[in-house]
Number of protein chains: 2
Amino acid sequence: MRSPTELGELFRSTGRKNTAQRQCIFELLHGSTAHPTAEAIFAEARAKMPSISLRTVYQTLNDLASLGEIQQLDLGTGSFRFDPNIDSHHHLVCIECGSAQDIYAAFPEVQVPPAVAGDFELTSTEVVFRGRCASCRRP
Amino acid sequence: MRSPTELGELFRSTGRKNTAQRQCIFELLHGSTAHPTAEAIFAEARAKMPSISLRTVYQTLNDLASLGEIQQLDLGTGSFRFDPNIDSHHHLVCIECGSAQDIYAAFPEVQVPPAVAGDFELTSTEVVFRGRCASCRRP
DNA sequence: TTGTCAACTAGCAATACTTGTTGATAAGGT
DNA sequence: ACCTTATCAACAAGTATTGCTAGTTGACAA
Ligand SMILES: [Mn+2]
Ligand SMILES: [Mn+2]
Ligand SMILES: [Zn+2]
Ligand SMILES: [Zn+2]
């Protein structure tokens with residue numbers, strides 16, 4: 001995703017408002033690699049802006065996602081994860097603590113078998129590796 | 001998963017009871033390839049047993065899953081899908097109607113990159129293809 | 001700078017899916 | 001047939017997300 005300043009301009013140019021709450025969320029997301037949930041972002045935002053509401057966090061995340069600035073991922077951990085990395089990539093997810101990390105690898109062999117592919121209009125291919133992360137293995 | 005009769009015996013031998021409601025659910029799942037939700041199974045079961053409760057359906061599905069007779073899949077469609085096919089396989093999911101079909105293909109090239117693999121204990125690798133199915137394409 | 005107005009915020013209600021609880025019931029070993 | 005206890009059905013509660021609304025605020029133009 002773009003810088004907080006650029007996102008402010010993007011929001012204004014699309015008829016949205018560039019509010020302090022939104023800037024706060026932009027800054028938290030920028031450069032984050034933790035794949036936070038809405039609740040996690042809410043907790044961080046609240047530390048800087050105690051009055052911010054969870055509803056505003058969801059609203060802003062949804063706006064960013066529909067503008068294509070972040071990805072909303074369902075990694076099977078019970079709630080959506082938000083990812084400022086919009087490149088095509090895959091994920092490694094800990095089944096114990098839910099932590100997720102990027103896997104940058106193209107898997108060109110992963111294709112829908114020809115027998116099925118004809119009738120189906122493919123839009124995305126997701127690979128999720130699951131297991132236990134280093135810190136969950138050493139207790 | 002095994003036949004409804006065998007599942008009845010399995011339930012009894014694991015200290016569970018083989019009730020009419022459970023047999024009904026076993027029969028609905030047996031040979032099904034639709035990856036139904038709990039609600040879908042509830043609707044079908046209710047047609048045959050009007051008094052069955054949704055709670056009982058969830059209970060039985062959870063029992064089957066913990067016995068390893070079915071898989072509980074999160075395909076990102078909002079609710080769990082239940083799969084009597086317990087072989088290792090992947091899925092093709094329609095983003096419009098939510099229909100899911102099996103993809104039987106081994107992707108041996110799909111591996112966690114070595115730089116990451118060392119610290120991570122891998123338990124499963126899931127591939128989900130998303131797009132629009134044949135009937136959703138022709139309106 | 002200031003006025004105008006649509007968009008936004010916060011708080012709370014509602015929804016969707018799943019699990020917890022409980023008195024009554026019925027399966028299954030003896 | 002009896003007794004024990006898992007299960008049943010109904011309802012309540014929990015979790016994640018979205019809907020609603022009255023008051024507030026940012027953006028744009030005069
Ligand atoms: Mn990512
Ligand atoms: Mn399947
Ligand atoms: Zn972990
Ligand atoms: Zn479809």
Side-chain angles (χ1 to χ4, degrees), chain A residues 4-26 28 35-43 45-67 70-82 98 100, chain B residues 4-5 7-26 35-43 45-67 70-82 98 100:
Chain A
T5 308
E6 287 173 309
L7 288 175
E9 282 161 28
L10 175 65
F11 265 50
R12 256 177 288 149
S13 74
T14 53
R16 287 164 234 257
K17 291 180 180 174
N18 179 27
T19 65
Q21 288 87 342
R22 291 177 165 189
Q23 275 296 317
C24 174
I25 293 167
F26 298 163
L28 290 173
H35 303 86
T37 62
E39 281 285 353
I41 293 166
F42 177 51
R46 197 175 226 184
K48 296 185 179 179
M49 284 188 93
S51 77
I52 197 170
S53 76
L54 181 58
R55 190 69 186 85
T56 298
V57 172
Y58 272 108
Q59 202 106 273
T60 303
L61 292 172
N62 286 342
D63 285 344
L64 284 169
S66 57
L67 288 167
I70 62 175
Q71 286 192 70
Q72 187 190 44
L73 303 172
D74 184 343
L75 299 177
T77 52
S79 40
F80 286 120
R81 314 293 289 253
F82 295 89
Chain B
T5 307
L7 289 175
E9 282 161 27
L10 175 65
F11 265 51
R12 256 176 289 154
S13 75
T14 53
R16 288 164 233 257
K17 291 181 182 172
N18 179 26
T19 65
Q21 288 84 347
R22 292 182 161 189
Q23 274 296 317
C24 175
I25 293 167
F26 297 163
H35 303 86
T37 62
E39 282 285 353
I41 293 166
F42 177 51
R46 197 174 225 185
K48 297 184 178 180
M49 286 188 92
S51 78
I52 197 171
S53 78
L54 181 58
R55 190 69 186 85
T56 298
V57 172
Y58 273 108
Q59 202 106 273
T60 303
L61 292 171
N62 285 342
D63 285 343
L64 284 169
S66 58
L67 288 167
I70 62 175
Q71 286 192 71
Q72 187 190 46
L73 304 172
D74 184 344
L75 298 177
T77 52
S79 41
F80 286 120
R81 314 293 289 253
F82 295 90

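Naming convention: chains lettered A, B, ... in sequence-line order (proteins, then strands); numbering from 1 in each chain.
- At a threshold of 4.5 Å between non-hydrogen side-chain atoms, the residues B:Q72 and B:F82 count as touching.
- At a threshold of 4.5 Å between non-hydrogen side-chain atoms, the residues A:E39 and A:V57 do not count as touching.
- In this structure, the side chains of A:T19 and A:F11 stay at 4.5 Å or more apart for every pair of heavy atoms.
- A heavy atom lying under 4.0 Å from DNA chain C marks the following residues of residues 49-60 of chain A, by number: A:S51, A:I52, A:S53, A:R55, A:T56, A:Q59.
- Applying a 4.0 Å cut-off to non-hydrogen atoms, the residues of residues 15-22 of chain A that approach DNA chain D are A:K17, A:N18, listed by residue number.
- Using a 4.5 Å heavy-atom threshold, the side chains of B:D74 and B:F80 count as touching.
- Across the protein-nucleic acid pair, A:I41 atom CD1 and D:dT17 atom P stand 11 Å apart, rounded to whole Å.
- The side chain to side chain donor-acceptor pair (under 3.5 Å) search around B:Q23 returns B:N18, not counting sequence neighbours.
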Give the intermediate values and the outcome of side-chain contact (heavy atoms from CB on, under 4.5 Å) for residues A:L7 and A:L64.
CA-CA 9 Å; A:L7 288 175; A:L64 284 169; 4.1 Å; yes
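- Shown here for B:I70 and B:L61, the closest heavy-atom pair between the two residues is CD1-O, 3.5 Å.
- Counting heavy atoms from C-beta outward, A:I52 and A:I25 have side chains that approach closer than 4.5 Å.
- Checked against side-chain contact (heavy atoms from CB on, under 4.5 Å), B:K48 has the following partners two or more places apart in sequence or in another chain: B:C24, B:L28.
- Considering only heavy atoms from C-beta on, A:L73 comes within 4.5 Å of A:H35 through its side chain.
- Residue B:A38 comes nearest to B:L54 through the heavy atom pair O-CD1, 4.3 Å, listed as atom of the first residue, atom of the second, then distance.
- Every salt bridge (charged side-chain N to carboxylate O under 4.0 Å, His left out) that A:D63 has, sequence neighbours left out, goes to A:R16, A:R22.
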Dump the pairs, protein N or O against N or O of nucleotides 21-23 of chain D, anything under 3.5 Å, distances to one decimal.
none

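- With a cutoff of under 4.0 Å to any heavy atom of chain B, the contacted region of DNA chain C is bounded 5' to 3' by C:dC17 to C:dG28.
- For B:T5, there are no side chain to side chain donor-acceptor pair (under 3.5 Å) partners two or more places apart in sequence or in a different chain.
- For B:T77, the side chain to side chain donor-acceptor pair (under 3.5 Å) partners are B:R81, not counting sequence neighbours.
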Report each atom pair, protein N/O against N/O of nucleotides 28-30 of chain D, whose distance is under 3.5 angstrom.
none

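- Listed by chain and number, the residues in a side chain to side chain donor-acceptor pair (under 3.5 Å) with A:S53 are A:T56 (sequence neighbours excluded).
- The interatomic distance linking B:N62 (CG) with D:dA6 (C1') rounds to 16 Å, in whole Å.
- For the atom pair CD of A:E9 and OG1 of A:T14, the computed distance is 11.5 Å after rounding to the nearest 0.5 Å.
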### Steps toward side-chain contact (heavy atoms from CB on, under 4.5 Å) verdict (A:F42, A:T37)
CA-CA 9 Å; A:F42 177 51; A:T37 62; over 6 Å; no
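- If you measure from atom CD of A:E39 to atom P of D:dT15, you get 10 Å, rounded to the nearest angstrom.
- Direction change of the helix axis from one end of the helix from C:dT1-D:dA30 to C:dT30-D:dA1 to the other is 40°, with five pairs defining each end axis (rounded to 10°).
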